[in-house]
Amino acid sequence: MSENTDPSRRDFLRVAVYGGVVLISAGVGAFAVSAPRVPAASGDLLPLGPLLRFKGLDTGMPLEARVTIQRRDGWRLRTRPQSVFILRSGEGATAAHYSAFSPVCPHAGCGVHAEAEEFVCPCHDARFGLDGARKSGPSPRDLDPLELEVREYRGEDWLYVRWQDFEPGRPERIARGA
Amino acid sequence: MSGSDIESELQAELAAEMSRRTSKLPPPPPEPSDDLVASLCLSALLALLALLAGTGVAMALGYAPAADDAVASLAWLELSFAGRVLRAAHFHASNLVVLLALATLGYMVWRGLYRRPGHWRWWRVAVLLLLLLAAGFTGQLLPFDQNALHGTQIRLGYLGDVPVVGPLIADFLRAGDEPGTAALARFYALHVLVIPALLLLLLRPLWRDARANGGQYVHFGAAGAVLALVLLAAFVVPAPLGMQGTLAEPYADARPEWYALPLYELLKLMPAGAAQTLMLVLGPLLFAVVVVALPFAERVAAEPERLKLPARIGLGVVLVAMLLLGALPLLQDSSDKRGWFASYDVEGLMLAMGSRNDALGPEDATLPPNAHLHAHDLRLLHERLIGVYPDDIDADARTKWDAWARDGASAALALFKAADSDAQQQALKDLRQACTSCHEAHEVDVIVNPLAQTQGGAALTPMFFDTALLASLEPRELRARGTKRIMDQARFRMRDILAHAGIVDDVTDRSKEQALVDLRHISERIASLWEDNAGSWFDEDKWQAWSREMIAAVDRLALATDREDLAERMAELGRTCEACHDGGDEPDMPIEWRYRNLLQ
């Protein structure tokens, strides 16, 4: 093609292409370096409800309770509801008689739901027993347990849960923001 | 004969032999730039890029990259037919461009067009595909509907599994605990500035590659054909837009784009951990190595032609494997009614509508600032409700059902478009009228207008129920007909009482005494139900025994001294319900109900 033989034009094109790639990479890089690191939320203790509610649970039957969690979104903090699975394991008014699981699948972070005998993640067919243990599917670890606590609130005992995010896809349990 | 004669004769013979041999040689392989099909593919690719740029710029004028605005801004754009076509054209072109780039690469392998001196073109097309995939990845989050948010959350999770650089890139893109407005800013900038700028740099060499063969008219023809195809598709099939994205609601139907289905299936089959990480790293790396190395491979093979067969076999194997792996999740989804084949059930839709309706608050009050988002969701939910019926309604009732669903959808649309608060109020009233009409026709006692908010934990009297009030109250008329609906009413009244006790958070329009009186009335009604319609499948003696137990449990409930006592008595009532449900559990009539469902 005759237009390519014009040396000044070819130089310009070369400079434009290489210069363009360098400039764009420099821009993205500069932002990545200069943007403030967003702090990750770490374990807030959140009220689940009066202990009365959970005393009525059949043992070994998960209840999908809701808490309000705070989420960091760049420069702002939002709140949103989050479900948590609560199981009662015995008679008694202490946190030790209950257990809680995060419904976030340890495989890829989808929402797990409770079926008759197991927890099922509908995204990639991961299955867990009601004790949170892996049964089948691609999950690298058991469901993530959450810490429970009984505290006094408005003059009565309330069940509190410590909400925690964990890194998905790892065999070991890594708490985010810890 | 002199020596020189012999020499000249030998030379002549040698020349003849040489010319005979050369003529027997196969013709030299075509120069890579001689291929018309590859050039036409590039022309079509360039035409699609131009269409994507044009529709992209047009959409950017109306799109707001913010978590609370993205869906609504696109829904607003799609109110006009032109807006719908615009977004659909961008959507279809983005799919076709990836398909065409993949096909071009495959064709180039088939014809050996990666061969030098055409290797730069081969690499350019590979880089083009890479940039297109990056544009797809960043573009998927932009609508910020349920599919976009949940899908990106999963993809960022996988990205974070890649050793060393993975978590850095994923955290940078996520810009917080989960994708939100900050993440949208990054995805948007990459999608509309960085990636198009890099594509622009690639444009001129690609343009030259395209023009290397064929006349102007064939190129116009190829470009025109794909543009016509995309526009036709855009007129017929709109781009999908779901409900406002939130991770608070689980979303089981998040599926990747079609070209990522083989990877999706592989990740599903493969247990997470070392093997999966290895695949996430080795897969793309292997692809990159093959793309880079192919032009050099012929140096290793003594003759270029020898490389052709292994390359073709490799291409075929990869193609078949991808098709099989891509088809598996589709087959599974179509049998499970999930993902792209998701079907909706009445109960799920009603629950989703209920939570959004509650968020809109009572009538004649100021609507929340994000009312338009709830309106968008409610419109979609009502549209999904059309054609989805409860099991027990006849053809006539179905027609009415659809009409109410349409009324609801158009009222929700009016709420979305409302110009002022009067229009908002009118739309909200219409919306609730559609719900109420349908509920009344199907005898469902559900409060559509949340008015009376109970104060949890307030009642701490010596006796939980006011006994004088209990004696003076009459039960409200029970409009529900049929076993299931009457059982529903019992559940609602139990829930009312739990809400008054502050054990659950809920809204009710009756006092705790009224709820108890109604519950007593309903349990008596349940006792007589066996004759009505339960007789065909339930043992009469058992039914009577359990009904008596239920009535006794309700009477014991009335004696509750305080909230704690009430909680225990309510759990006891719940157990009598469970006992009956378990007892009636026949293979063709399963009743799955647990007291814990009331506590959720």
Side-chain angles (χ1 to χ4, degrees), chain A residues 1 4 13 16-17 20-21 24 27-28 32 35 37-38 40-41 49-50 52-58 61-66 71-76 78 80-83 103 106-113 116 122-125 137-140 154 156 165 167-171 176-177, chain B residues 67 150 153-154 157-158 160-161 167 171-172 175-178 180-183 185 190 194 197-198 200-201 204 208 246-254 264 267-274 276-277 338 457 498 501-505 563-564 567-568 570-571 574 578 592 594-596 599-600:
Chain A
M1 253 144 266
N4 294 333
L13 282 173
V17 169
V21 171
I24 293 167
V28 175
R37 309 225 79 190
V38 180
L52 280 180
R53 183 189 304 176
F54 305 100
K55 278 184 177 168
L57 279 182
D58 303 306
M61 287 277 200
L63 173 78
E64 199 177 335
R66 303 210 122 196
R71 304 267 79 182
R72 190 81 203 186
D73 174 11
W75 51 91
R76 63 170 163 175
R78 341 161 121 254
R80 69 160 173 83
Q82 169 66 51
S83 62
H107 172 231
C110 287
V112 172
H113 60 82
C123 292
H124 305 94
D125 276 340
S139 178
R154 288 197 211 153
E156 63 174 325
D165 293 289
E167 295 290 345
R170 313 278 177 82
R176 228 186 266 161
Chain B
H150 286 257
Q153 171 83 340
I154 295 167
Y158 281 138
D161 286 350
D171 284 350
F172 171 72
D177 295 320
E178 58 198 34
T181 300
L190 290 173
V194 176
L198 293 174
L200 209 60
L201 299 176
R204 194 185 152 79
R208 233 169 8 209
T246 169
L247 293 173
E249 258 181 26
Y251 181 73
D253 300 316
Y264 164 79
L267 290 171
K268 210 159 127 174
L269 293 174
M270 194 171 284
Q276 201 176 75
T277 309
R338 278 265 159 80
L498 287 171
I503 293 173
V504 298
D505 298 320
R563 294 170 55 235
E564 191 147 348
E568 273 168 31
M570 189 64 95
E578 281 175 8
E592 173 62 36
R594 294 284 143 204
Y595 174 58
R596 72 190 158 111
L599 299 171
Q600 243 150 28

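Keep in mind it's a predicted model, so treat the numbers as computed, not measured.
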Ring geometry between B:Tyr158 and A:His124 (parallel below 30°, tilted from 30 to 60°, perpendicular above 60°): perpendicular
Test side chain to side chain contact (heavy atoms under 4.5 Å, CB included) applied to B:Glu564 and A:Lys55, step by step: CA-CA 10 Å; B:Glu564 191 147 348; A:Lys55 278 184 177 168; 3.0 Å; yes
Side-chain H-bond candidate by donor/acceptor type, A:Arg80 with B:Thr246, under 3.5 Å: no
Quick check on [X] against chain B: is it the side chain, the backbone, both or neither that has a heavy atom closer than 4.5 Å?
| X | result |
| --- | --- |
| A:Pro103 | neither |
| A:Pro81 | both |
| A:Leu63 | both |
| A:Ala32 | both |

Determine the minimum heavy-atom distance between [X] and [Y], stating which atoms define it.
| X | Y | answer |
| --- | --- | --- |
| B:Leu267 | A:Pro138 | O-CB, 3.8 Å |
| B:Ala183 | A:Asp73 | N-OD1, 4.4 Å |
| B:Val504 | A:Arg53 | CA-NH2, 3.7 Å |
| B:Gly502 | A:Pro50 | O-CG, 3.3 Å |
| B:Ala67 | A:Arg78 | CB-NH2, 3.2 Å |

Rounded at 0.5 Å granularity, tell me how far [atom1] in [X] sits from [atom2] in [Y].
| X | Y | atom1 | atom2 | answer |
| --- | --- | --- | --- | --- |
| B:Tyr251 | A:Cys110 | OH | SG | 11.0 Å |
| A:Leu52 | B:Arg563 | CG | CZ | 5.5 Å |
| B:Thr181 | A:Trp75 | OG1 | CH2 | 6.0 Å |
| A:Asp165 | B:Asp177 | CG | CG | 6.0 Å |

Options B:Ala248, B:Gly180, B:Ala185, ranked by heavy-atom pairs under 4.5 Å with chain A, top entry: B:Ala248
Options B:Asp171, B:Leu190, B:Leu247, ranked by heavy-atom pairs under 4.5 Å with chain A, top entry: B:Leu247
Under 3.5 Å donor-acceptor, A:Arg72 side chain and B:Gly176 backbone: no
Side chain to side chain contact (heavy atoms under 4.5 Å, CB included) evaluation trace for A:Arg66 with B:Asp505: CA-CA 10 Å; A:Arg66 303 210 122 196; B:Asp505 298 320; over 6 Å; no
Part of B:Glu578 lying under 4.5 Å from any heavy atom of chain A: side chain
Stepwise side chain to side chain contact (heavy atoms under 4.5 Å, CB included) test for B:Asp161 and A:Arg170: CA-CA 7 Å; B:Asp161 286 350; A:Arg170 313 278 177 82; 4.1 Å; yes
Contact check, side chains of A:Pro122 and B:Arg338, non-hydrogen atoms, under 4.5 Å: yes
